[in-house]
Amino acid sequence: MLASTLSSCYNVGMDGNFVFESEREVSSAFIDSSLRMGVAQSVLLVQDNLTECFNAMECDGVIYREKFNAFWVFTKTRVHFVRRPSWREVVTARTFPIDNLGMRTHVNTEILDGQGKTLLLANQEACVLSLENHRPLKITGLPYPRENFREAVFKEPFERFPTDFTEEDFAFEQTVRSCHIDMSHHMNNIEYIKLALCVFTDDFLLAHDISDLEVHYTGESREGQLLSVYAKKAPTGEDKTFIRIMECERCVFECCLKFA
C-alpha cells in the first residue's frame with residue numbers, strides 16, 4: 001500500500017452498524033510537491049479503505065468474481081478536504097456503507113488526524129455489474145448489508161455537470177498507456193483524476209488549495225485510445241473548474257474541483 005497501514009479493525013456495533021477502521025502513516029509515495037497527501041492519492045486512500053471494508057464484510061470484488069461472476073464499479077466520488085495531512089503524519093480512516101438502494105450503494109469515509117479532528121470526508125457511489133454482459137445486478141440479491149446502516153457523515157448531494165464544452169475549452173490529449181491500466185484492463189480510476197489535475201500547473205496547485213472534488217466515471221478507456229481533456233471555469237463566479245475527458249465523441253470522465 002502507498003500509505004502504510006499500522007493497524008486495522010472491523011466493528012459491527014450492537015445496532016448492526018458496519019465500520020472498518022485503519023490507522024495509516026502517510027508515506028513519501030503518497031504525497032505531492034507540497035509534502036502533503038496528494039489530491040489523487042487522497043481518493044486512492046479512500047478507495048483502498050473501502051476495498052478493505054468490503055473484504056471485511058465478505059463482499060469485495062474477489063468474492064463477487066469467484067462466487068457470483070460479478071464485479072464492483074465505482075460511478076461517483078465526492079471529497080471535502082478540511083486539511084490534507086503531511087508526510088509521515090499518522091491518520092485514521094473509517095469507512096462504512098450508508099444505504100442499499102437495490103441497484104446501487106453509497107459508502108462514506110472519514111479521515112481523522114491524531115487528535116480526532118476531521119481531515120477529509122468522502123462519499124462514493126457504487127454498483128455491481130455482471131462479468132458476462134456488464135449489465136447491472138441487484139445488490140439485494142448479493143451478500144451485502146441491507147439495513148441498520150450508520151448515519152452518514154457526508155450528506156452533500158452529487159452535482160450535475162455542464163456538457164457544453166467547446167474547442168475553446170480544449171486543454172490537451174493523452175494516449176492511454178499500459179501504466180494506466182488496472183486489473184479490469186481499463187484505465188484506473190485514479191489515473192483519470194491525475195489526468196484532470198494536469199490542466200493546472202504545479203505552481204498553481206501549490207498556491208491554491210482544493211476544498212472539494214467530485215468525479216463521475218462515465219465510461220471505460222482501453223490501452224491505445226486517445227483521450228481529449230477539456231476544462232472550463234464555472235460561469236457563476238465561484239472558484240470552480242469543470243473538467244471533461246472524451247474518447248472520440250464519448251465522455252469517459254467528468255469532474256469538478258472547487259478551490260478554497
Side-chain angles (χ1 to χ4, degrees), residues 1-3 18 20 22 38-57 59-65 68 70-80 93-111 120-131 134-139 142-145 149 152-161 176 180-197 212-222 227 243-245 247 250-257:
M1 294 179 191
L2 294 177
F18 310 88
F20 180 84
S22 64
V39 173
Q41 292 89 337
S42 298
V43 180
L44 179 58
L45 189 150
V46 169
Q47 187 170 287
D48 190 52
N49 214 62
L50 181 149
T51 300
E52 292 193 43
C53 177
F54 279 14
N55 175 260
M57 294 192 299
C59 63
D60 67 358
V62 174
I63 294 173
Y64 276 16
R65 282 173 180 266
F68 304 100
F71 64 103
W72 282 103
V73 172
F74 297 96
T75 51
K76 297 178 182 178
T77 298
R78 183 163 183 170
V79 182
H80 173 65
R94 296 177 184 153
T95 298
F96 45 91
I98 61 171
D99 60 31
N100 181 336
L101 302 179
M103 301 301 291
R104 67 186 189 278
T105 184
H106 296 93
V107 184
N108 273 191
T109 294
E110 53 182 345
I111 297 181
L120 69 81
L121 297 171
N123 185 31
Q124 293 178 281
E125 180 182 274
C127 64
V128 178
L129 302 183
S130 164
L131 272 171
H134 282 210
R135 292 180 179 176
L137 298 177
K138 287 186 177 181
I139 301 175
L142 298 166
Y144 190 77
F149 294 102
V153 294
F154 192 38
K155 301 179 180 180
E156 293 296 320
F158 291 107
E159 290 189 44
R160 179 172 292 181
F161 297 151
V176 180
H180 302 135
I181 302 299
D182 62 16
M183 65 180 182
S184 67
H185 303 291
H186 301 140
M187 186 161 169
N188 184 273
N189 287 352
I190 305 304
E191 296 297 332
Y192 285 110
I193 298 175
K194 291 180 179 179
L195 198 59
L197 290 169
D212 294 272
L213 168 70
E214 182 174 335
V215 301
H216 299 177
Y217 303 103
T218 57
E220 299 172 341
S221 302
R222 297 180 181 273
L227 304 182
I243 297 170
R244 189 173 178 88
I245 299 180
E247 191 277 316
R250 183 174 61 98
C251 177
V252 295
F253 173 87
E254 54 185 359
C255 77
C256 175
L257 298 102

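Note that these values count all heavy atoms, side chains included, but never hydrogens, waters or copies made by symmetry. These numbers come from a predicted model, not from an experiment.
- Aromatic ring pairs are classed by plane angle as parallel below 30°, tilted from 30° to 60° and perpendicular above 60°; the pair Tyr192 and Phe253 is parallel.
- With Glu214 as the fixed residue, the side chain to side chain contact (heavy atoms under 4.5 Å, CB included) test singles out one of Glu254, Glu156, Glu159: Glu159.
- For the pair Val46 and Leu120, the minimum side-chain heavy-atom distance is below 4.5 Å.
- A donor-acceptor pair shorter than 3.5 Å cannot be found between the side chains of His185 and Arg222.
- For Tyr144 and Phe54, the distance between ring centers is under 6.0 angstrom.
- For the residue pair Glu125 and Thr75, a side-chain donor N or O sits within less than 3.5 Å of a side-chain acceptor on the partner.
- Side-chain atoms of Tyr64 do not come within 3.5 Å of backbone N or O of Ser130 as any donor-acceptor pair.
- Here the closest heavy-atom approach between residue Met187 and residue Ile181 is recorded as N-CD1, 3.9 Å.
- In summary, the side chains of Thr109 and Asn49 do not present any donor paired with an acceptor at a separation below 3.5 Å, with no hydrogens or angles considered.
- Across every non-hydrogen atom of Leu137 and Ala70, the tightest pair is CD1-CB, 3.6 Å.
- For Phe74 and Tyr217, the gap between ring centers reaches or exceeds 6.0 Å.
- Under the 3.5 Å distance criterion, with hydrogens and angles disregarded, a donor-acceptor pair is assigned to the side chains of Asp99 and His106.
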